[in-house]
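As the structure is a prediction and not an experimental result, all values here were calculated from the model. For this chain, numbers begin at 1 and follow the sequence in order. The basis for the numbers below is simple: all heavy atoms, side chains too, and nothing from hydrogens, waters or symmetry mates.
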Amino acid sequence: MAFMSEFFAIVVAVLSMRALSESDFCPSRSPVKSSCPPEWQLWGSACYRLTSSKYNWEDAKTACQGMGGKMAAPRSLEELNFMAELARKVDSQYRAWIACNDRDVEGTWECDGQEGGEPFLVWDDWQPDNVGGDQDCAQISAYNNDRMDDAHCWELLRVVCVRHAACAHLSTQPHRYCVSTDTHGRILNSTCLLDHSIREFITKGVVACGSACAQEPGCRSFNIKKTEGGKKVCQLNISTSSEDKDKFQETDYFCMYSEVCVG
């Protein structure tokens, strides 16, 4: 009940008592134009680039920072596929560092930005194999079918870098949390976008979940589920209900779908 009170208070505040219907559902960031610097490629709300030079894993992180970004770590299969295609356009036989390693504890892989939960890892067959006992840094490569492989951190490879895209008016227009309703304007609390989660985590509520989506590269919408223990789980999605209507489905548990809009 406290969660519902919090949610409706937010809806009243940001939507000015206006009930949304399916016909005027808030578009997914349509007023916002994202852009990237030259040589960077836009995907979701982030910009990606494969370096022209090759570095060891540690220097690769510094190289990305020098270009205003950081070494990328994919958080979904869609993002991994995009990064692989980006690299393949530069070098058909590419090998590229990503921000995952098990240097602290062998076999315990950590990925930048994915602390506090299970990292997103899609290994090629028979990987990781830790050849020589010191393959502690992760790469993606054409040879490994665009999937992950462990490699020696001292090897010289290109690196996939990522940075936030520039968004017009983002600094002056507040975020709105736009919810889905039925044709009578009633908020749907058992309908969510399924099978598009980038990552999920325990959250305090709608504002915290929406803020996480606004800052997450590739996040287009979010779900809030309630567990049997009463905790709220925030799921960040890589798509929207309008982009994949077949996966916007009713659930047999409490689940609210929202989008982060601007203006």
Q) Per the side-chain contact (heavy atoms from CB on, under 4.5 Å) rule, which among Leu77, Asp125, Leu121 passes with Arg147? A)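 When Leu77, Asp125, Leu121 are each tested with Arg147, the side-chain contact (heavy atoms from CB on, under 4.5 Å) holds only for Leu77.
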Q) Pick from Val122, Leu80, Leu157, Asp124: which one makes a side-chain contact (heavy atoms from CB on, under 4.5 Å) with Ile140? A)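 Of the listed residues Val122, Leu80, Leu157, Asp124, the side-chain contact (heavy atoms from CB on, under 4.5 Å) partner of Ile140 is Leu80.
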Do [X] and [Y] come close enough that some side-chain heavy atom pair is under 4.5 Å?
{"X": "Asn144", "Y": "Gln139", "result": "yes"}
{"X": "Asp112", "Y": "Met71", "result": "no"}
{"X": "His196", "Y": "Arg220", "result": "no"}
{"X": "Glu216", "Y": "Phe222", "result": "no"}
{"X": "Thr203", "Y": "Val233", "result": "no"}
{"X": "Met83", "Y": "Ile98", "result": "yes"}
{"X": "Arg75", "Y": "Cys111", "result": "no"}

Q) After noting the C-alpha distance and the side-chain angles of Thr191 and Phe248, does the key distance pass the side-chain contact (heavy atoms from CB on, under 4.5 Å) rule? A) CA-CA 7 Å; Thr191 303; Phe248 188 56; 3.7 Å; yes
Q) Are Arg95 and Asp149 close enough for a salt bridge, meaning some N to O gap below 4.0 Å? A)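 The answer is no: the pair does not qualify as a salt bridge.
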With hydrophobic residues grouped by side-chain heavy-atom distances under 4.5 Å, do [X] and [Y] end up in a single group?
{"X": "Tyr55", "Y": "Val160", "result": "no"}
{"X": "Val90", "Y": "Tyr94", "result": "yes"}
{"X": "Trp97", "Y": "Trp154", "result": "no"}
{"X": "Leu194", "Y": "Ile198", "result": "no"}

**Q.** From CA spacing to verdict: disulfide bond (SG atoms under 2.5 Å apart), Cys137, Cys153
**A.** CA-CA 5 Å; Cys137 295; Cys153 300; 1.9 Å; yes
At what distance, to the nearest 0.5 angstrom, does [atom1] of [X] lie from [atom2] of [Y]?
{"X": "Cys64", "Y": "Arg163", "atom1": "SG", "atom2": "CZ", "result": "11.5 Å"}
{"X": "Glu118", "Y": "Arg199", "atom1": "CD", "atom2": "CZ", "result": "14.0 Å"}
{"X": "Asn223", "Y": "Lys232", "atom1": "CG", "atom2": "NZ", "result": "15.5 Å"}
{"X": "Asp134", "Y": "Glu106", "atom1": "CG", "atom2": "CD", "result": "9.0 Å"}
{"X": "Ser241", "Y": "Lys247", "atom1": "OG", "atom2": "NZ", "result": "14.5 Å"}
{"X": "Leu156", "Y": "Ser53", "atom1": "CG", "atom2": "OG", "result": "10.5 Å"}

(Q) Checking Glu79 against Phe120 for the side-chain contact (heavy atoms from CB on, under 4.5 Å) test, could you report, in this order, the C-alpha distance in whole Å, the side-chain angles of both residues, the deciding distance, and whether it holds? (A) CA-CA 11 Å; Glu79 185 176 11; Phe120 177 80; over 6 Å; no
So which atom in [X] and which in [Y] form the shortest heavy-atom distance, rounded to 0.1 Å?
{"X": "Cys192", "Y": "Tyr257", "answer": "SG-N, 3.9 Å"}
{"X": "Pro119", "Y": "Gln114", "answer": "CA-OE1, 3.2 Å"}
{"X": "Pro128", "Y": "Trp109", "answer": "CG-NE1, 4.0 Å"}
{"X": "Pro74", "Y": "Met148", "answer": "CG-CE, 3.6 Å"}

Q: Could you tell me how the ring of Trp43 sits relative to the ring of Tyr48: parallel (under 30°), tilted (30 to 60°) or perpendicular (over 60°)?
A: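 Perpendicular: the ring planes of Trp43 and Tyr48 meet at over 60°.
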Q.
Can you confirm whether Phe201 is buried at CZ, in the sense that more than 12 heavy atoms of other residues, nucleotides or ligands lie under 6.0 Å from that atom?
A.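 Enclosed.
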With a 3.5 Å distance limit and no angle check, can you tell me whether [X] reaches the backbone of [Y] through a side-chain donor-acceptor pair?
{"X": "Ser221", "Y": "Ser239", "value": "yes"}
{"X": "Asp150", "Y": "Asn130", "value": "yes"}
{"X": "Thr51", "Y": "Val159", "value": "yes"}
{"X": "Gln135", "Y": "Val131", "value": "yes"}

(Q) Checking side-chain polar atoms at under 3.5 Å, does Ser242 have a donor or acceptor matched by the opposite partner on Thr240? (A)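 The answer is yes; a qualifying pair exists.
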Q | Derivation of the side-chain contact (heavy atoms from CB on, under 4.5 Å) call for Met67 and Glu39 | A | CA-CA 11 Å; Met67 293 187 292; Glu39 300 185 12; over 6 Å; no
